[in-house]
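Worksheet: the structure to be examined is printed underneath.
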2 protein chains.
Amino acid sequence: MSDPTAGLNTEQLGAYFALMEVSSLLQYAVEEHLRADGDLSWVQFQILARLVDAPEGRLRMTDLADGVVYSRSGLTYQAGLLDKRGLITRSPSPDDERSVMVTVTDAGRELVARVLPGHVAQVRGLLFEAMSDEDLAALGGVLARVRAHMRATPPRSAKPRAGRNRAG
Amino acid sequence: MSDPTAGLNTEQLGAYFALMEVSSLLQYAVEEHLRADGDLSWVQFQILARLVDAPEGRLRMTDLADGVVYSRSGLTYQAGLLDKRGLITRSPSPDDERSVMVTVTDAGRELVARVLPGHVAQVRGLLFEAMSDEDLAALGGVLARVRAHMRATPPRSAKPRAGRNRAG
DNA sequence: CCTTACTGCTTCGAATTCGCGGCGCCCGAG
DNA sequence: CTCGGGCGCCGCGAATTCGAAGCAGTAAGG
C-alpha cells in the first residue's frame, strides 16, 4: 500500500477522519435515542443484545467483555446497573466458581424487543439510507477484513484486554 | 434498499456492528498511543489538529465544537486543560465579544508535529494495513456519502449540537 | 496435601464527561 | 436610547470511565 515510513496520503487521511466522525455521530445519535426510548446507554444495549443473541441467554463476563469494547471495571459497573434494574441476573458459573454467568431476564428481553425497532430505524436512517447495495457489500467486506486484522494485531501495550502486569 | 418498516438484514447488522467495533478499537489504540507519546487525549489531539489546519491557526469555540463531536462543556474543559499547558490561547473575538477565539501556540504546533508521525503510523498499521487501494477507494466513497447524509439529516432531538432548549 | 502461578471479577480513587442553569453580549423593535 | 429575545461560553453537580490493587478459585508441580 505504502511504505511503513511514509505518511498517510490525502485519501487515507480523509477516510480515517470520515470513519471517526461517522461512527461518533452514529453512536451519539443512537445513544440518545436509546436513552429516550428505554433509558439505556449504548454499552448497556450492546450487553443486552449480545445476551439475547446468546444460545441460552447467558454469557460469562469475560466473553461479554471480549465482544464489547470496554474495560473490565466498566463492564462490572454497567452489569451492576442492569442487575439493579432487573434486566439481567448474575450467578456463579457451575463449572468455574470464579466466573460469573450473566443471564438476561424476561424484562431484559422485553426491553430489547421494545427499543430494537427504533434503534434499527435510527441506524438505517442515518447509515444505510445513503448507501447502495454495492456500498453495503463493499463496506462489509472492508470492515470484516479490518476487524480481523485488528484482532490479530498484538496488543502493543494495553488493549481493553489489559490488566495483567503485577509484580508480586 | 429495504422498506422503512423492515428490520436490518444480516449484512447490514454485521456492517453496523463491525463499524462500531472497528472505530472503537481504533480510537482506543490511537488514544493510548497519543497518551504515551504526547500526553494528549483523542479530543485534545483533534482540537489541536483542527487548529493547525485552520487558516490562521485560530477558530471560534463553536466552530471547533462543530468539527469535533463533543459537548460544549467538555470542549470548555479540554480547552482549559490545553490552555493551562500552554498549547493554545483563548482570547475574545474582535467581532463578536461573546465568542472566544482559540489559537494554537508554537508549542501546540510543535507537539502536534511531534506526535503526528506515531499517530499516523498507528492508524496505518491498524486500519490501512489490511486494506487494498480498491478497499480504500470504496471506503472513502461510502464514508463521504454517509457523512454528507448525516450532516444533512435534521437533528431529531439533540445532536452534539445540543443545548438550546430553555424555556425562560 | 502444600506451594506457586495464573485467571476472573470486583472495589477503590482519580479523572473525564455531560446536562443544566447563569452571565454577558449582539440584534431588532418601539 | 431602552427593552425584549436569542446566542455563546462557563461553572457546578452528578454520573460514568478507566487503571491499579485486591480477593477468591483453578491448575500444575513436588
Side-chain angles (χ1 to χ4, degrees), chain A residues 24 27-28 31-32 34-36 39-47 59-66 68-85 88 90-102 155 157-168, chain B residues 24 27-29 31-32 34-36 39-47 59-66 68-85 88 90-102 157-168:
Chain A
S24 291
Q27 174 165 356
Y28 204 98
E31 191 148 336
E32 183 137 1
L34 233 36
R35 174 83 57 193
D39 200 43
L40 284 174
S41 72
W42 162 250
V43 199
Q44 290 174 343
F45 173 76
Q46 247 191 124
I47 293 175
L59 243 42
R60 294 188 309 151
M61 289 286 275
T62 295
D63 298 329
L64 222 40
D66 276 343
V68 181
V69 181
Y70 218 59
S71 71
R72 294 298 216 265
S73 26
L75 184 61
T76 295
Y77 178 74
Q78 292 294 347
L81 251 46
L82 290 175
D83 191 1
K84 204 182 319 184
R85 287 178 59 183
I88 65 170
R90 284 182 291 179
S91 49
S93 169
D95 300 326
D96 281 339
E97 196 59 35
R98 56 198 164 160
S99 303
V100 171
M101 290 298 275
V102 181
S157 47
K159 280 281 176 40
R161 189 72 214 217
R164 192 79 30 226
N165 49 338
R166 296 178 47 203
Chain B
S24 291
Q27 175 165 354
Y28 203 98
E31 190 148 337
E32 182 137 1
L34 232 36
R35 175 82 57 192
D39 201 41
L40 285 174
S41 73
W42 162 251
V43 198
Q44 290 175 344
F45 174 75
Q46 248 190 126
I47 293 175
L59 243 41
R60 293 187 309 150
M61 288 288 273
T62 296
D63 298 328
L64 221 41
D66 275 344
V68 181
V69 181
Y70 219 60
S71 72
R72 294 298 214 266
S73 19
L75 185 61
T76 296
Y77 178 73
Q78 292 294 346
L81 288 181
L82 290 176
D83 190 0
K84 205 182 317 183
R85 288 179 58 184
I88 64 170
R90 284 181 291 179
S91 49
S93 169
D95 301 326
D96 248 334
E97 196 58 37
R98 54 193 167 162
S99 304
V100 171
M101 290 298 275
V102 182
S157 46
K159 281 282 177 40
R161 191 70 213 219
R164 192 82 27 229
N165 47 336
R166 296 178 46 203

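Hydrogens, waters and symmetry mates are skipped; everything else that's a heavy atom, side chains included, is used. Chain letters run A, B, ... following the sequence lines, proteins first, then strands; residues in each count from 1.
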Got a list of protein N/O to nucleotides 3-6 of chain D N/O distances below 3.5 Å?
from: D:dG6; atom 1: N2; to: B:Arg98; atom 2: NH1; distance (Å): 3.2

Of the candidate nucleotides D:dC9, D:dG19, D:dT26, which contains the atom at the shortest distance from the side chain of B:Tyr28?
D:dG19
Can you tell me how far OH of A:Tyr70 sits from OG1 of A:Thr76, rounded to the nearest 0.5 angstrom?
10.5 Å
Consider the side chain of A:Thr76, meaning its heavy atoms from C-beta on, and name the nucleotide among D:dG8, C:dT10, D:dC10 that approaches it most closely.
C:dT10
Between C1' on C:dC6 and CD on A:Glu97, what's the gap in Å once rounded to a whole number?
18 Å
Distance check, rounded to the nearest 0.5 Å: B:Gln46 atom CD versus B:Leu40 atom CG?
12.0 Å
Return the CZ to CZ distance between A:Arg98 and A:Arg60, rounded to the nearest 0.5 Å.
8.5 Å
Within the pair B:Arg90 and D:dC10, is there a side-chain N or O less than 4.0 Å away from OP1 or OP2?
yes
Do B:Asp39 and B:Arg85 make a side-chain contact, defined as non-hydrogen atoms from C-beta onward lying under 4.5 Å apart?
yes
Side chain to side chain contact (heavy atoms under 4.5 Å, CB included) evaluation trace for A:Glu31 with A:Leu34:
CA-CA 5 Å; A:Glu31 191 148 336; A:Leu34 233 36; 5.5 Å; no
DNA chain D nearest-nucleotide lookup for A:Arg35 and A:Asp95: closer to the 5′ end is A:Arg35
About how many Å separate CG of A:Leu64 and CG of A:Leu59, when rounded to the nearest 0.5 Å?
5.5 Å
Kindly give the heavy-atom pair with the smallest separation between A:Ile88 and A:Asp83, and that separation in Å.
O-OD1, 3.3 Å
Taking the side chain as every heavy atom from C-beta outward, state whether B:Pro92 and B:Met101 have any pair of such atoms under 4.5 Å apart.
no
Find the distance between OG (A:Ser71) and OH (B:Tyr28) and round it off to the nearest 0.5 Å.
6.5 Å
Say you draw a straight line from CD of B:Gln44 to CG of B:Leu75; how long is it, rounded to the nearest 0.5 Å?
11.0 Å
What is the distance, to the nearest angstrom, from the CE atom on A:Met61 to the P atom on C:dT7?
18 Å
Please report, rounded to the nearest Å, how far the C1' atom of C:dG8 is from the CG atom of A:Asp63.
11 Å
C:dT16 C1' sits how many Å from B:Trp42 CH2, rounded?
17 Å
Output the rounded distance in Å from CD (B:Glu32) to C1' (D:dG19).
10 Å
So does B:Gln78 get a side-chain nitrogen or oxygen closer than 4.0 Å to the phosphate oxygens (OP1/OP2) of C:dT17?
yes
Record whether the side chain of A:Ser73 comes under 3.5 Å of the base of D:dG19 through a donor-acceptor pair of N or O atoms.
yes
Between D:dC9, C:dT17, C:dC9, which nucleotide has the shortest distance from any of its atoms to the side chain of B:Val43?
C:dT17
How close or far is atom C1' of C:dT16 from atom CZ of B:Phe45, stated in whole angstroms?
20 Å
List, with names and distances, any nitrogen or oxygen atoms from the protein found under 3.5 Å away from nitrogen or oxygen atoms belonging to nucleotides 13-15 of chain D.
none

Measure from CZ on B:Arg72 to P on D:dG11 and round the result to the nearest Å.
16 Å
Protein-nucleotide distance (B:Tyr70, atom OH; D:dC10, atom P), rounded to Å
14 Å
